[in-house]
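Owing to the predicted nature of the structure, the values given are computational and were not obtained by experimental measurement. Just so we're on the same page: letters track the sequence lines, and every chain starts at 1.
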Protein chains: 2
Amino acid sequence: MEDQESFLAGYDPRKYPSVAVTVDVVALTIRTGTLCVLLVERGAQPFAGQRALPGGFVKSETLDDAALREFAEETGLTPGRGELDRVHLEQLKTYGNPGRDPRMRVVSVAYLAFAPSLPEPTAGSDAARAYWVPVDEAKDLAFDHDDVLADGLERARSKLEYTPLATAFVAEEFTVGELRQVYGCVWGEELHAGNFHRKVLSVPGFVESTGRTTSRGGERGGPKAKLYRAGDATLLHPALLRPTREDRVR
Amino acid sequence: MEDQESFLAGYDPRKYPSVAVTVDVVALTIRTGTLCVLLVERGAQPFAGQRALPGGFVKSETLDDAALREFAEETGLTPGRGELDRVHLEQLKTYGNPGRDPRMRVVSVAYLAFAPSLPEPTAGSDAARAYWVPVDEAKDLAFDHDDVLADGLERARSKLEYTPLATAFVAEEFTVGELRQVYGCVWGEELHAGNFHRKVLSVPGFVESTGRTTSRGGERGGPKAKLYRAGDATLLHPALLRPTREDRVR
DNA sequence: ACAATAGTGTCTGTAAGACATTATTCC
DNA sequence: GGAATAATGTCTTACAGACACTATTGT
């Protein structure tokens with residue numbers, strides 16, 4: 001067997017069959033009650049005209065930085081102004097099957113990004129070709145991006161259960177009802193308002209009260225709601241488990 | 001911004017600063033009641049004399065296949081004879097910080113392997129330089145492998161909670177006591193025998209009875225134990241949660 | 001007035017953890 | 001006999017889910 005050190009000792013980068021490393025980003029947000037993913041339109045072959053996850057080559061930077069850079073470029077958000085501070089970014093999985101890109105060997109490190117509701121990337125900016133698409137309509141993506149998106153969604157749904165991730169989808173101050181909307185549209189099912197309310201407040205460190213309320217009630221009636229901000233918990237205990245699906249088990 | 005397709009259209013692999021892609025394997029097993037990881041001794045610089053996780057370059061194969069190949073090479077197990085069938089392998093995380101390898105940019109896809117107790121790789125084989133080390137003694141590894149190992153251990157501990165992964169550490173037929181030993185030494189704390197017993201049997205699909213028992217009782221006394229094999233569940237419901245640590249939450 | 005929503009109260013079934021108990025085996 | 005272990009039983013507390021109910025707002 002050829003081990004790493006002996007290989008590298010005699011390694012000439014210019015002879016070796018090249019492998020390209022990219023990052024792809026599954027960026028999720030909630031717009032008007034619908035879970036959406038950021039997609040770009042491909043102009044060139046292969047997969048011309050199809051949609052794909054935003055991504056690009058890794059430069060002289062960490063993988064995390066590359067993912068954040070791609071996200072910022074495509075959304076038009078600018079670093080350094082705090083706009084990206086509330087974006088949660090985590091590594092998802094790496095995809096490297098030979099043939100996933102027909103031109104060459106490409107190993108892609110996929111990231112998952114969670115953002116509060118953002119404006120549509122404005123035409124005229126660098127990011128004009130990117131837009132938010134409801135996840136239900138994001139099909140037939142280029143490369144193996146259907147799989148990447150599916151893995152990202154499953155990760156997101158799972159992380160809502162045992163982390164305070166849902167707070168990354170709402171504004172800095174939010175109501176319990178808004179939080180319930182997040183769970184509802186990420187999990188794809190309505191949750192019982194009363195039980196959800198009691199449960200959220202019973203998890204230590206999930207949310208903390210601001211002492212204030214919304215200035216108005218709901219659009220279609222209802223009292224003013226108390227405002228909360230994210231607490232200091234990094235894990236929810238006890239967890240908020242999804243309604244049991246027996247078919248998820250086997 | 002330079003997008004993927006325009007980049008690739010004008011891409012000449014021989015000009016581009018090369019990035020190497022490797023796989024590293026965190027292979028875990030339990031030997032005489034201790035959780036052990038497979039390490040190799042490095043002969044050459046950098047990190048000569050230090051220990052490292054087994055790993056190597058990805059060839060014309062999937063990332064999963066590369067990880068399985070590395071695992072097989074280092075343990076001396078041979079594919080095709082069923083020896084590898086009971087090895088559970090899953091992708092862990094990808095490490096690509098610039099500078100993690102002093103010689104060049106190396107992006108490493110780490111894998112996690114779970115195996116039942118295996119013999120020490122025999123001297124004389126290709127794998128003579130690999131050996132099992134108790135995880136508590138696996139420190140000061142080469143590259144960023146301390147971090148990789150730590151991430152792998154946390155993943156393993158977490159996966160014991162909600163998947164039947166523990167059955168990958170024991171023989172095809174096992175007792176509830178053996179399963180409890182797995183949880184105990186991976187989590188690093190003893191579990192209450194009675195409660196554990198009742199709980200394991202109450203999770204649908206975790207274990208199924210073989211109808212048989214061990215031929216003898218325990219070494220220091222005790223009745224013969226019933227033998228079980230792994231059930232068909234892929235997720236444990238309800239989960240077997242670790243004893244609550246408040247300090248894990250924040 | 002009416003509909004919608006926020007928030008609370010109550011009840012039931014399930015599960016976790018602490019602990020006790022019985023039975024079986026090795027030494 | 002004595003120690004260790006397998007397996008089961010009991011009790012208490014906590015939590016999930018179903019549901020009812022009150023209070024407050026917008027239209």
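Side-chain contact between A:Leu240 and A:Val203 is present, with heavy atoms from C-beta onward closer than 4.5 Å.
Evaluated for a side-chain hydrogen bond (donor to acceptor under 3.5 Å, both in side chains) with A:Ser108, the options A:Thr94, A:Asn97, A:Asp24 yield exactly one hit, A:Asp24.
As rounded to whole Å, 17 Å separates atom C1' of C:dA18 from atom CD of B:Glu190. Atom NE2 of A:His197 is separated from atom P of D:dC19 by 20 Å (rounded to the nearest Å). Taking atom NE2 of A:His192 as the reference point, atom C1' of D:dC21 lies 11 Å away to the nearest angstrom. Distance CD (B:Gln181) to C1' (D:dT5): 12 Å, rounded to an integer number of Å. We find that CZ of B:Phe196 is positioned 14 Å from C1' of D:dA7, with the value rounded to whole Å. The interatomic distance linking B:Arg198 (CZ) with C:dA15 (P) rounds to 11 Å, in whole Å. A:Glu178 has its CD atom 9 Å from the P atom of C:dA6, to the nearest Å. For the pair B:Leu201 CG and D:dG9 C1', the computed distance is 14 Å after rounding to whole Å.
Considering only side-chain atoms of B:Asn195, the nucleotide from D:dG17, D:dA7, D:dG9 that sits closest is D:dG9. For B:Arg220, taking side-chain heavy atoms from C-beta onward, the closest of the listed nucleotides D:dA4, D:dG9, D:dA6 is D:dA4. Checking D:dC19, D:dT24, C:dG17 against every side-chain atom of A:Pro223, the shortest atom distance belongs to D:dT24.
The aromatic rings of A:Phe114 and A:His88 are tilted relative to each other, their planes meeting at an angle between 30° and 60°.
At a threshold of 4.0 angstrom between heavy atoms, the contacts of A:Gly222 include nucleobase atoms, whether or not backbone atoms are also involved. Counting non-hydrogen atoms under 4.0 angstrom, A:Gly217 reaches the backbone sugars and phosphates but no base.
Nearest-nucleotide assignment on DNA chain D puts the 5′-proximal partner with B:Arg180, out of B:Arg180 and A:Lys224. Nucleotides of DNA chain D nearest to A:Ser202 and A:Gly221 differ in position, and the one nearer the 5' end is that of A:Ser202.
Expressed to the nearest 0.5 Å, how far OG1 of A:Thr167 lies from CZ of A:Arg86 amounts to 7.0 Å.
Taking side-chain N and O atoms only, A:Lys226 has no distance below 4.0 Å to OP1 or OP2 of C:dG7.
Side-chain contact of A:Tyr183 with A:Glu189: a donor-acceptor pair under 3.5 Å is absent, judged by distance alone.
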